[in-house]
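Heads up, the thing below is written out as structure tokens.
To find a chain, count down the sequence lines: A is the first, B the second, and so on, and within it residues start at 1. Basis for what follows: all heavy atoms, side chains included, without hydrogens, waters or symmetry-related copies.
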Amino acid sequence: MIPLITCENVALSYDNKIIAENLNFIINEGDYLCIVGENGSGKSTLMRALLGLKAPSEGTITYGEGLKQTEIGYLPQQTAVQRDFPASVFEVVLSGCLSQRGAKPFYSSDEKKLALENMERLKISDLKKQCYRNLSGGQQQRVLLSRALCATRKMLLLDEPVTGLDPVVSSELYCIVKDINKQFGITIVMISHDIHSAADHADHILHLGGDDVFFGTTEEYKNSEIGKAYLGGHHHD
Amino acid sequence: MIDLISELLSYHFIVRAVIVGVLVSLCSALLGVSLVLKRYSMIGDGLSHIGFGALAIAAALNLAPLAVAVPVVVGAAFLLLRMSESRRVSGDAAIALASTSAVAIGVIVISLSSGMGNDVYNYMFGSILAMSRGDVILSVTLSIAVLALFVLSYNKIFAVTFDETFARATGVHTKRYNMLISVLAAITVVLGMRMMGALLISSLIIFPALTSMRVCRTFRGVVICSAIVSVICFLIGIVISYAAALPTGASVVAVNLVVFALFSAVGALLHRA
């Protein structure tokens, strides 16, 4: 087991208010970790901290050997600007290669090849010249996933990737993420609202909720009190 | 038509205006794509009003207008961007405050020094006679610098415009590029505003981008199309303004409006097809 990210006694704050503390966990190479919890429990803030966009107010987050901050692929939530953005699918995917090129101004042919490969992986090669704003929600997420794959060979962070997608497209997307994890050996960290799908797909769960913080394997989670409460409670909906 | 153009080019002041105008149209069109998509259109407008204030003060103190206005407006661009990002005052309100205050100060300075008259009119609506030889050299140098920086940072500008969070997460210095875009916009606004006028210069930033977005489907397409549209509209505008004895700035904006309407119609047809 090679640890990629280690969090020790991490506390996170938002607007100077502590929203999550005593976070201790290790993300190993090849893991599929789901971060679940109520709104405002600090899921997105934790993800920003893992990405190095925000410093934790206490504790330390260390990257394991061979992982640099710029080598993490990221699928952020979509913004209003993107929805009507005039850009071709290829332009968007290619922009994922920026992280590894430093100050060089233009893309090399290797990077263009990498972008095409990642589009092939997610089966969107035929959309190459399409305009991003004319795609369906599920197609747009595949494009952004391809972009994230261009930025990483090791680790992918996804922030609520199925928000706004219909159930069929959502489960397709879960399968794609699972494939990326299993076939390409890329470590996955995903924030999810959907606790059942999280438990179905992930092998580790981090549950944030004020004083009740749970971290462990999915099996442990299903047998824990907090896990039973959340998984069981939702079944009766 | 050819007679008209050769007659036009026999005037030195018009040749100067054409050189500076083409370069400024090019710069503003390129930067405009990013500014419009990032919802920063009002920054261009705000900067031009601050430029008006700076020019008025420079004139009152008998200083070189561009040498005063460029640093003042670049400084203002830093501040406006900082204000847009802060959560205390919302961006558009901050820009409205800054731009109206600058106009008020400019008008007071002008009326105290030379009295309201032609000066105010020229600053507000532009004058084709405004460019001296020194101005032309400075304008050409600065525009070429703006163009070069834009081309070299093109891919980063795309990333920062499309998705700032992703760009930052993968190690792009997004703050630096936001600064770069607004500083380049500030320089462009100052260079163009004496010909186009403080009230009209921001249209050079906004119109070409919006026009090409009606039709183009890729970012590169939008950028290239805006550059072409902007230069052509400027050239048609200056010919019309000469032939019909109309103010240059207003003619250029009017041509932009017509082209925008044309592209919108074409876009609607393509969309239906």
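Chosen from B/G171, B/A159, B/A169, the residue pairing most often with chain A at heavy-atom distances under 4.5 Å is B/A169. Interface check for chain B: of the options A/Y107, A/F85, A/Y74, the most heavy-atom pairs under 4.5 Å are formed by A/F85. For the set A/Q130, A/Q82, A/E91, the entry with the most heavy-atom pairs within less than 4.5 Å of chain B is A/E91. Contact count against chain A (heavy-atom pairs under 4.5 Å) is highest for B/D163 among B/L152, B/D163, B/V222.
When the shell of 6.0 Å around CZ of A/R83 is examined, it contains more than 12 heavy atoms from other residues, nucleotides or ligands. For B/R39, the CZ atom is densely surrounded, since the number of other residues' heavy atoms within 6.0 Å is greater than 12. Counting non-hydrogen atoms of neighbouring residues, nucleotides and ligands closer than 6.0 angstrom, the CZ atom of B/R176 reaches no more than 12 such neighbours. Atom CD of A/Q77 has more than 12 heavy atoms from other residues, nucleotides or ligands within 6.0 Å. Under a cut-off of 6.0 angstrom, the local environment of CZ in B/R217 is sparse, with at most 12 non-hydrogen atoms contributed by other residues, nucleotides or ligands. Within a 6.0 Å sphere centred on NZ of A/K182, other residues, nucleotides and ligands contribute more than 12 heavy atoms.
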What do the steps show when you test A/L98 against B/N155 for side chain to side chain contact (heavy atoms under 4.5 Å, CB included), and what is the final call? CA-CA 8 Å; A/L98 265 186; B/N155 287 314; 4.2 Å; yes
Could you give me the CA-CA distance, side-chain angles and deciding distance for A/V81 and B/E164, then say whether side chain to side chain contact (heavy atoms under 4.5 Å, CB included) is met? CA-CA 10 Å; A/V81 170; B/E164 203 169 322; over 6 Å; no
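Within the 4.5 Å cutoff, side-chain heavy atoms of A/P86 are placed close to those of B/L37. Between A/L51 and B/F166 there is no side-chain heavy-atom pair separated by less than 4.5 Å. With contacts defined as side-chain heavy-atom distances shorter than 4.5 Å, the pair A/E71/B/T170 does not qualify.
Looking at A/L144, the atoms closer than 4.5 Å to chain B (heavy atoms on both sides) all sit in the side chain, from C-beta outward. Both the backbone and the side chain of B/V151 come within less than 4.5 Å of a heavy atom in chain A. A/I72 touches chain B through its backbone: at least one of N, CA, C or O sits under 4.5 Å from a heavy atom, while the side chain does not. For A/V92, the parts sitting under 4.5 Å from any heavy atom of chain B are the backbone and the side chain alike. B/S212 does not touch chain A: none of its heavy atoms, backbone or side chain, sits under 4.5 Å away.
Residue A/S95 holds its OG atom at 10.5 Å from CZ of B/F219, rounded to the nearest 0.5 Å.
Checked against the 6.0 Å centroid criterion, the rings of A/Y132 and B/F162 qualify as a close aromatic pair.
Between A/R48 and B/T165, the closest heavy-atom pair is NH1-CG2, 4.1 Å.
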